[in-house]
Amino acid sequence: MEPRVLHNDKPFTLKGFFLQWEWLLVLLFLAVIVLNVNLSDYFWDYDNLRDATMGFLDKAFIVLPMALIIIMADIDISVGSIVALSSVIMADLYKHGVPMWLAMIICLLVGTACGAINGLLIVKFKELSAVIVTLSTMIIYRGIAYILLEDQSVGKFPAWFKYLGWGYVGGIPFILIAFIVCALLFGVLLHKTKFGRRVYAIGNNPTSSRYSGVRVDLIKVIVFTLAGFMAAVTALFLTSRMGSTRPNIASGYELDVIAMAVLGGISTAGGKGRMLGAVLAVFLIGYLRYGLGLVNVSAQSLLIIIGLLLIVAVMVPKLKLKLKLKR
Amino acid sequence: MNSDLALGQAPKQQAGKASLSANFAKFREMGLLVFIILLCVGVQLRNPSFLTWENINDIATNTAILAILAVGMMLVIITRGIDLSIGATLALSGMTAALAVKEMPDLHPLLALLLGTAVGLVCGMVIGLLVARIGILPIIATLGMMNVFRGLTYEASGGKWVSAHQMPNSFKGIASGSLLGINNLIVIAVLIYIAAYYFVNHTRTGRRIYAVGSNPESAEISGIKSKRILWLVYSVMGGLAGLAGVLWVSKFASAQGDTASGYELNVIAACVLGGVSIAGGSGKISGIILGSVLLGILNNALPMVNVSPFWQNWIQGMIIVIAVIINALVKRGIDRNNLIRRKM
């Protein structure tokens, strides 16, 4: 029995097609490109663009599961700490003589376990809300990373490990290929499978989903576990790019990731949003950062811009709704 | 309702048995107090310099700022919200006050205090506007504004610190001075707690905060302007964060871009430890005093018994998790009892 909770029965119209959030993102994206090209002569340079893309893609892997989480009307702010913990454990094991391939597998396992713990706590203690659970695991995971490495950093990974973050396949960055593959997989998962439909159903109405036979708890645990796994994937790429790791890496990633997902049209009220939007937002924010960095906008001003962007992105649909209601 | 009337005698018989875990809820503060005392005794045995007058005074001064912030956070959490921006608000207002006294060394410390509070109040009002009027989720609104305020702090200072020698003594005196032999910070915290106690327990607006938190729909139906209450709550939080910012900068005699980053977690922890329910609608002043004191003592005691500073994050996180889980389990017990009583 497949509950038909979500089915888009609206007739296809050209106006409706072009009034989608994704087109707004495409327009914004073009605006960013035009702005950047005008601001700096160095922006429209293939090598620069390619390297910039490699620079911001590491955290993009977490945006994919974060989209699922936000569609379920939940949130996970522990992802930055999961990145740190899995990266630190990998580096620490390697330092103590564990072969790198094994350390990498353990890194993925650690991230998955962290995500699963989040999911289980959220499901077992429903009165706590995902905010408070992931807030406390955020402190705990990073706390463990600090216990393991204290204030040291670990580096000197084998040469081939660098390939992950810096390598190319036929002139295209490996990390870009990996991201596109992951994005496609997540897109199919969300839009073409029963699982994805159920994720939307949970976001729209968890109670009625449960009554219509959706195993809400199981799906939540799976999605949070996926987020942990993808955070570990980010840890692999980030560690490879940085060449070393410290307990304080990836701090603040949760904000970037949530900002990207929300800007991508994923509604924080749950039940709405598409993977394509989130992916577009990744590139939008990435190139905005890169372009503004080229014209020497300070990191602090970027902080303000990203913060405002997040607020505006959630504000626009609400204001639109209000105007509609007033009419 | 009907069955209650019909079996009027039954609930009384049940009361003795049912109240076990309900009583636990009443005694949770007692339990927290006992835990604090046991902790103190334990630390004292390991390190005799713990319970000296000097160290106790030190703990109290260090706890004062946390406790002030916990009042605002309690109000926010009671309305089912959360404020992650207070660390940044604190930094921004502290930096503003520090820059002001750096430029104008003759500025009266009270004015500096007011200036910082005003900056914080404005920050809080902006968040209140976003949450109450536009309806953005508190976590998203405060996460976004956290970055904006933090960025503004860096912008205002140009990335530089305002350090001790740039501040006049009068400004540093805010935190180091004392009134009747008691440190100013403690005096301010006590005054705020008295005001807050009166506010949440004996004023209409205060009670309405609880009403909005425990059931927004029925609060709205019974004529409470819940949007105004929300706005008020976030503004109070901002104002208190602003005040705390000036006290912080005055106490540590330095204002930096990353002042108090991550401090919001400590404040939330103090509230959660003090029994403020994340689901909204409940929380007591006496609870958050104990929560803040417990955290303050932990921060002071862990280094004294030679726990590495790298362990402190983890310990604090575990304490929060255990506290919220115990809270949740106790609440389940109470709900079950209420259900049993209703069935009778």
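Here the side chains of A/Asn118 and A/Ile82 are in contact, with some heavy-atom distance below 4.5 Å. For the pair B/Leu298/B/Leu39, a side-chain contact is recorded, criterion being any heavy-atom separation below 4.5 Å from C-beta on. In this structure, B/Val126 and B/Val148 have side chains that are not in contact, with every pair of non-hydrogen atoms separated by 4.5 Å or more.
Heavy-atom pairs under 4.5 Å with chain B peak, among A/Ile306, A/Asp151, A/Leu308, at A/Asp151. When B/Glu155, B/Met146, B/Arg150, B/Met145 are compared by the number of non-hydrogen pairs under 4.5 Å with chain A, B/Glu155 comes out ahead. Chain B forms the most heavy-atom pairs under 4.5 Å with one residue out of A/Ile147, A/Ile75, A/Ile140, A/Leu121, and that residue is A/Ile147. Contact tally against chain A (heavy-atom pairs below 4.5 Å) for B/Ile325, B/Leu152, B/Ile139, B/Leu329: the top residue is B/Ile325.
Contacts between B/Ile315 and chain A at a heavy-atom distance below 4.5 Å are absent for every atom of the residue. Proximity to chain B (any heavy atom under 4.5 Å) is restricted, for A/Ser129, to the side chain, taken from C-beta onward. For A/Ile144, the parts lying near chain B are the backbone and the side chain together; criterion is any non-hydrogen pair under 4.5 Å. Heavy atoms closer than 4.5 Å to chain A are found in the side chain of B/Leu130, but not in its backbone. Residue contact with chain B, scored on non-hydrogen atoms closer than 4.5 Å, is absent for A/Ile305. If you measure heavy-atom distances from A/Ser251 to chain B, you find no contacts under 4.5 Å at all. No part of B/Ile319 comes within reach of chain A, as not one of its non-hydrogen atoms sits under 4.5 angstrom from that chain. Residue B/Leu143 touches chain A through both its backbone and its side chain, counting heavy-atom pairs closer than 4.5 Å. With a 4.5 Å cut-off on non-hydrogen atoms, A/Leu309 does not touch chain B at all. Of the two parts of A/Leu149, neither the backbone nor the side chain holds a non-hydrogen atom closer than 4.5 Å to a non-hydrogen atom of chain B. Residue contact with chain A, scored on non-hydrogen atoms closer than 4.5 Å, is absent for B/Thr153. Contacts between A/Ile258 and chain B at a heavy-atom distance below 4.5 Å involve the side chain alone, from C-beta outward. Only the side chain of B/Leu137 has a heavy atom closer than 4.5 Å to any heavy atom of chain A.
Relative ring orientation between A/Tyr287 and A/Phe56 is described as perpendicular, the plane-to-plane angle rising above 60° on a 0-90° scale split at 30° and 60°.
Taking both residues in full, the closest heavy atoms of B/Val267 and B/Met73 are given as CG1-CB, 3.6 Å, listed atom of the first, atom of the second, then distance. Listed here is the closest heavy atom pair of A/Ala84 and A/Arg142: CB-NH1, 3.5 Å. Among all heavy-atom pairs drawn from A/Ser136 and A/Ile132, the shortest one is OG-O, 2.7 Å. Nearest approach of A/Ala67 to A/Ala278, heavy atoms of both residues: CB-CB, 4.5 Å.
Remark: side-chain polar atoms of A/Ser87 are not paired, donor with acceptor, to backbone N or O of A/Val83 under 3.5 angstrom.
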Starting from the C-alpha separation in whole Å, work towards a yes-or-no answer on side-chain hydrogen bond (donor to acceptor under 3.5 Å, both in side chains) for A/Ser153 and A/Ser244.
-> CA-CA 7 Å; A/Ser153 76; A/Ser244 70; 4.6 Å; no
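Applying the side chain to side chain donor-acceptor pair (under 3.5 Å) definition to pairs two or more places apart or across chains, those involving residues 253-262 of chain A are A/Asp58-A/Tyr253, A/Lys59-A/Asp256, A/Asp256-A/Arg289.
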